[in-house]
Amino acid sequence: MSEPSPEISTAVGLVERYAAAFVSGIPDQPQDDGFFGPASVTWRLSADLSGPVAGLRSVLIQALHPLAMAGVDQHSDWRRDPVGRLAATSAYVATVTYGDRASASRAARRVRAIHEHVRGTDAVTGRPYAAGDPALLLWVHAGLVDSVLAAARLFGTPPADADADAYVAEMITSAELLGVPREIIPDSAAALQEYLAGVRAELRCTPAAAESMGYMLDPAGMGEELAELWQDLRDAALATLPGWALGLYGYPAPPPVTPERRTEIRQTLGVFDAVFMAEPGVLEARQQLELRIRAARG
Amino acid sequence: MRRRAVTLAAVAAASGTAIAALAVLRQRSMRVERGLAALRLAARGGARYASNAPRLFASAGEHRQRLRNDLALQTAEDVAATLGTMKGVLMKLGQMASYVDDGLSPAARRTLSRLQDSVPPMSPELAAQVVAEELGRPPERAFATWDPQPIAAASIGQVHRAITHDGRAVAVKVQYPGIAEMIEADLGNVALLRRMLKVTAPSQDVDALIAELRERITEELDYRREARNQQMFARFYAGHPTISVPQIIEELSTRRVVTSELADGARFAELAGWSQAERDLAAETIYRFVFRSLYEAHAFNGDPHPGNYLFHGGGRVTFLDFGLVKYFTAEEMQPLAAMVKHLCVDNDPEGFRRAMVQAGFLIPDAPVSTPLVVEHMAVFYDTVRERGPRTMTGEYASSVTRKFFDFRSPLTPYARIPRSYVILQRINLGLFALLGELSATADWRRIAEEIWPFFQGPPCTPMGTAEAAWRARRTVRTHAASLGQKILFFTERAVRQRRRLVRGHTGAGTAPGGNW
């Protein structure tokens with residue numbers, strides 16, 4: 001830990017690898033509708049235009065737990081391959097969301113097996129950690145669920161309150177798959193907020209969090225074209241962050257999102273989406289999901 | 001009047017190519033910094049498609065031949081989700097990609113077509129709703145027969161077959177609801193357009209390009225303009241031996257619905273199975289259409305893509321889709337004609353250079369020698385500098401483009417593309433690529449001589465002879481029409497005089513209707 005951190009690799013291939021990860025999670029011939037299914041709020045929110053904002057916000061929130069951050073920092077090779085690390089998570093989320101039950105369970109078992117080896121001591125707090133610790137898994141889970149809702153509310157198609165509750169409740173399963181006991185998982189939007197407020201005292205911006213998130217907000221080597229579009233994505237993610245998270249990072253409060261600014265950011269998200277869709281297999285995967293959603297609607 | 005217009009329009013066939021060349025030249029220096037960023041990004045993935053996507057062109061019409069009715073858009077919200085937030089704009093830019101940036105790889109253009117592939121048709125109910133809103137009654141009443149299933153996709157709409165109450169078979173193009181408003185709003189985000197076009201060249205160039213793109217795209221959103229364009233072309237080519245343009249049914253055409261005669265024929269892809277002689281004839285017709293339209297009607301159809309033609313054999317071609325038509329003023333045309341005349345006919349390099357400066361392609365007093373200017377420009381007049389048969393190859397347009405991209409041209413710092421000529425780039429990557437795909441052979445120079453108003457060469461092919469006869473008939477018809485107008489004028493004057501006389505006699509001038 002005292003040895004100097006190696007330099008973080010570039011984000012080359014971000015879109016391509018993200019797209020490949022997404023496609024890998026969509027089954028060609030699913031045995032069943034998986035743990036959520038085409039009629040679920042989860043499927044709908046997962047396809048929201050605000051997805052990239054939700055993704056970026058997720059890691060910004062998740063990194064604020066020093067033990068979760070330490071696990072990533074000390075055990076994954078994210079510095080050498082930051083895009084690969086993100087793509088792996090993305091592939092996992094896609095499989096759990098859209099895969100059939102067998103595929104989703106298999107992927108979860110694999111992650112749990114990896115988690116077995118992720119143990120250590122956080123240099124900053126001096127506390128021991130284990131990736132399989134339900135408390136840490138729940139934190140990561142909550143970071144994702146809260147971010148999907150926050151991003152959709154500000155930049156996507158805002159879910160009705162009942163849908164937000166339904167989404168939080170549906171997502172219980174994904175936390176359970178990784179070994180979080182059902183009874184401690186928030187089951188409504190209000191319960192989720194309550195949980196987040198309860199954890200807040202443990203959160204802090206460790207040097208690893210500051211460094212990795214600094215990178216996420218301005219990834220190197222992404223290519224000039226994408227880098228410019230990424231600025232809007234970064235602004236959007238920061239705009240969805242709660243004040244306490246901005247405070248922990250020491251980021252200045254972003255300007256309020258005017259209707260005009262919201263439109264601009266949505267336009268940038270649309271360009272991202274178009275670029276994403278041009279990647280191999282993405283359009284076909286989306287069309288297949290759409291057909292299943294329509295069939296479920298009857 | 002007419003005579004004068006034709007004289008002023010003294011332009012040369014090849015000048016379009018030259019403009020394209022200049023455009024390329026101008027862009028060469030920017031190319032490193034600039035590009036349609038999103039397209040470039042898309043191109044990375046697109047390269048992987050290159051092998052199984054043989055088509056050279058990426059545009060509406062030919063795409064989505066297999067309409068995904070199973071994914072049909074059912075509501076205006078579906079349309080917004082599919083074509084809102086810049087996607088409709090990107091789709092249009094993709095259609096114009098070759099005209100936005102000649103440096104764009106075919107892979108990038110193909111990849112943009114993915115976006116077009118991604119747009120499903122409207123459901124029969126949604127399409128019917130648009131027709132009802134536009135024509136004031138549902139399609140089953142507006143038409144004697146209405147086919148609820150679309151037969152083809154258009155870039156921002158789809159085409160249905162119908163039969164009018166007076167028994168005409170028609171094609172009805174129906175626009176996606178809300179798309180015009182969405183695209184207009186998205187075109188307002190100039191900052192994002194700038195980023196996508198990512199031009200670090202002098203800002204006025206970016207602004208000019210964006211302004212031109214916005215204007216062209218906005219024009220296409222209103223089908224009434226397309227209807228007017230098509231009607232103009234249909235009238236201009238009425239009676240032509242090989243060129244056919246379907247008539248617009250004006251009373252069934254509005255902002256979002258355009259109805260025209262239904263045309264049938266072979267698609268471009270089918271020409272591959274035709275004899276080379278047939279392909280040559282088809283190419284000759286397209287060539288004549290493009291340049292006759294440019295020099296005589298001062299109109300250029302900026303969408304010369306293969307989906308916009310139907311082939312009937314014997315060189316007869318039906319031209320479709322007039323959404324992207326650019327009209328030129330006599331003042332804009334004159335220097336183009338002068339350029340080709342000086343270079344290809346008079347062999348007057350200084351005159352050629354003066355005309356380039358006059359058109360705004362070359363800044364005045366550029367510190368480059370005239371022979372150098374000619375040397376670098378001559379390649380673009382290749383097809384019309386010398387008489388004799390010449391085969392267009394698939395490589396032609398792209399090799400010309402590549403030549404300029406690779407060239408460290410000393411002209412680059414002094415070259416410009418005035419905004420109004422931007423669209424002519426389409427000749428390079430549109431028309432010539434099309435003729436190249438047909439491997440068409442003709443004496444393009446002699447055909448150009450027929451069309452060049454300052455040359456007025458004799459017919460050089462059977463088609464030329466037939467066309468000359470058509471033009472002679474048209475002249476007679478025009479005279480007859482103007483004679484008719486004169487008769488009408490004098491009749492009306494006589495009527496007015498008679499009316500005054502009657503009024504004077506009866507004092508009943510204020511009586512409603514007049515009644516005589």
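Every chain is numbered from 1 and lettered A, B, ... according to where its sequence line falls, protein lines coming before strand lines.
Side-chain contact of N189(B) with Q267(A): a donor-acceptor pair under 3.5 Å is present, judged by distance alone.
For L49(A), the part lying near chain B is the side chain, with the backbone staying farther off; criterion is any non-hydrogen pair under 4.5 Å. Of the atoms belonging to A185(B), it is backbone heavy atoms, and not side-chain ones, that fall under 4.5 Å from chain A. Neither the backbone nor the side chain of Q288(A) comes within less than 4.5 Å of any heavy atom of chain B.
For R80(A), the salt bridge (charged side-chain N to carboxylate O under 4.0 Å, His left out) partners are D77(A), not counting sequence neighbours.
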task = Please lay out, stage by stage, how R294(A) and Q74(B) fare under the test side-chain contact (heavy atoms from CB on, under 4.5 Å).
result = CA-CA 11 Å; R294(A) 286 180 184 223; Q74(B) 289 159 342; 3.6 Å; yes
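Across E290(A), E264(A), Q287(A), the residue that shares the most heavy-atom pairs under 4.5 angstrom with chain B is Q287(A).
The distance from the CE atom of M277(A) to the NZ atom of K87(B) is 6.0 Å, given to the nearest 0.5 Å. Atoms CE and CG, from M86(B) and D273(A) in turn, are 13.5 Å apart once rounded to the nearest 0.5 Å. Note that OG of S118(B) and CZ of R286(A) are 9.0 Å apart. Values are rounded to the nearest 0.5 Å.
Residue-environment remark: CD (Q231(A)) exceeds the threshold of 12 foreign heavy atoms within 6.0 Å. Heavy atoms from other residues, nucleotides or ligands lying under 6.0 Å from CG of D161(A) number 12 at most.
Of the candidates D186(B), L192(B), T85(B), L192(B) is the only one forming a side chain to side chain contact (heavy atoms under 4.5 Å, CB included) with V271(A).
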